[in-house]
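Before any comments, here is the structure.
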Amino acid sequence: MDSTALTRADAFHLLRQDLYGHLDETEYLAMKTADWTGTDADIARDVIPELVETIRQVFRVHTEAQPGTCDCGEQWPCRTVSAVHAHLNATGSTTHALYVAGEQERVRLGHAYPHTGTIGSGP
């Protein structure tokens, strides 16, 4: 392995560590066994929209560039979109249960078309 490849591998390792660090701290807050303080709840209210926006950013990068092809070069939907979709819709997941409950509530309130954005939309 040449030095450029080693440097690139180190850079990817550091990037991965940084990303996981952010996620680990967020998960730590969510999994605290002690009662949440008001500050904890405030932090969660800030963090959840940031995580949602992060996932939206992933989808903005992984859009169908040309029919059947993702911007990342894979067939669309690519592995990234498929993996996120599968995880969010996993049977028994809290995210999926929340989605279903939200849709039912919107239908009950007469707001049956909640999703106006599309993957890849936005600035």
Side-chain angles (χ1 to χ4, degrees):
M1 188 180 267
D2 66 19
S3 63
T4 303
L6 287 173
T7 302
R8 185 176 298 122
D10 285 345
F12 281 125
H13 175 74
L14 291 171
L15 177 62
R16 190 175 9 261
Q17 279 186 306
D18 182 62
L19 292 170
Y20 281 130
H22 288 283
L23 296 173
D24 289 346
E25 289 302 319
T26 302
E27 184 178 42
Y28 172 77
L29 170 65
M31 303 305 288
K32 278 177 66 172
T33 56
D35 289 339
W36 273 21
T37 65
T39 301
D40 291 336
D42 291 342
I43 292 169
R45 283 187 190 97
D46 290 338
V47 167
I48 291 169
E50 287 179 6
L51 290 174
V52 169
E53 183 55 29
T54 299
I55 294 169
R56 286 186 173 131
Q57 283 294 98
V58 169
F59 287 138
R60 284 184 191 109
V61 172
H62 292 275
T63 62
E64 189 175 27
Q66 297 175 15
T69 304
C70 180
D71 278 336
C72 71
E74 291 185 19
Q75 181 178 346
W76 203 92
C78 68
R79 290 177 290 168
T80 300
V81 170
S82 296
V84 172
H85 183 262
H87 186 76
L88 291 175
N89 285 291
T91 302
S93 77
T94 304
T95 308
H96 181 68
L98 181 64
Y99 179 82
V100 170
E103 279 194 329
Q104 291 170 347
E105 179 69 7
R106 282 186 289 278
V107 167
R108 186 183 71 73
L109 294 172
H111 302 105
Y113 302 102
H115 306 291
T116 57
T118 59
I119 292 176
S121 67

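The side-chain hydrogen bond (donor to acceptor under 3.5 Å, both in side chains) test applied to Glu53 returns Arg60, not counting sequence neighbours. Listed by chain and residue number, Trp36, Arg45 satisfy the side-chain contact (heavy atoms from CB on, under 4.5 Å) test with Ala41 (two or more places apart in sequence, or in another chain). For Asp40, the side-chain hydrogen bond (donor to acceptor under 3.5 Å, both in side chains) partners two or more places apart in sequence, or in a different chain, are Lys32, Thr37. Glu25 meets the salt bridge (charged side-chain N to carboxylate O under 4.0 Å, His left out) test with no other residue; sequence neighbours excluded. Take Glu27 and apply the side-chain hydrogen bond (donor to acceptor under 3.5 Å, both in side chains) test, not counting sequence neighbours, and it matches no residue. Scanning for side-chain contact (heavy atoms from CB on, under 4.5 Å) contacts around Val61 gives an empty result, with sequence neighbours left out. Every side-chain contact (heavy atoms from CB on, under 4.5 Å) that Thr4 has, sequence neighbours left out, goes to Asp2, Arg8. Not counting sequence neighbours, the partners of His96 by the side-chain contact (heavy atoms from CB on, under 4.5 Å) test are Asn89, Ser93, Val100.
Within the structure, the salt bridge (Lys or Arg N to Asp or Glu O under 4.0 Å) test picks out the following pairs touching residues 75-95 (sequence neighbours left out): Glu74-Arg79. Residue pairs meeting the salt bridge (Lys or Arg N to Asp or Glu O under 4.0 Å) criterion with at least one member in residues 80-102: none, sequence neighbours excluded.
Hydrophobic clustering, with ILVMFWY side chains joined whenever heavy atoms are under 4.5 angstrom apart, keeps Ile48 apart from Leu29. Under the 4.5 Å side-chain heavy-atom criterion for ILVMFWY residues, no single connected hydrophobic cluster contains both Leu88 and Leu98.
Using a 4.0 Å cut-off between charged nitrogen and carboxylate oxygen, Arg108 and Glu105 count as a salt-bridge pair.
Side-chain contact check for Val84 versus Phe59: some heavy-atom pair is nearer than 4.5 Å.
Here the closest non-hydrogen pair linking Cys72 and Cys78 is SG-CB, 3.7 Å.
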Please tabulate, one pair per line, all N/O donor-acceptor pairs under 3.5 Å involving side-chain atoms of residues 12-23, not counting sequence neighbours.
unit_1	atom_1	unit_2	atom_2	d
His13	NE2	Gln17	OE1	3.4

If you look only at distance, which donor and acceptor atoms sit under 3.5 Å apart when one is on a side chain in residues 64-71 and the other is two or more places apart or in another chain?
unit_1	atom_1	unit_2	atom_2	d
Glu64	OE2	Gly68	N	2.6
Asp71	OD2	Thr63	OG1	2.7

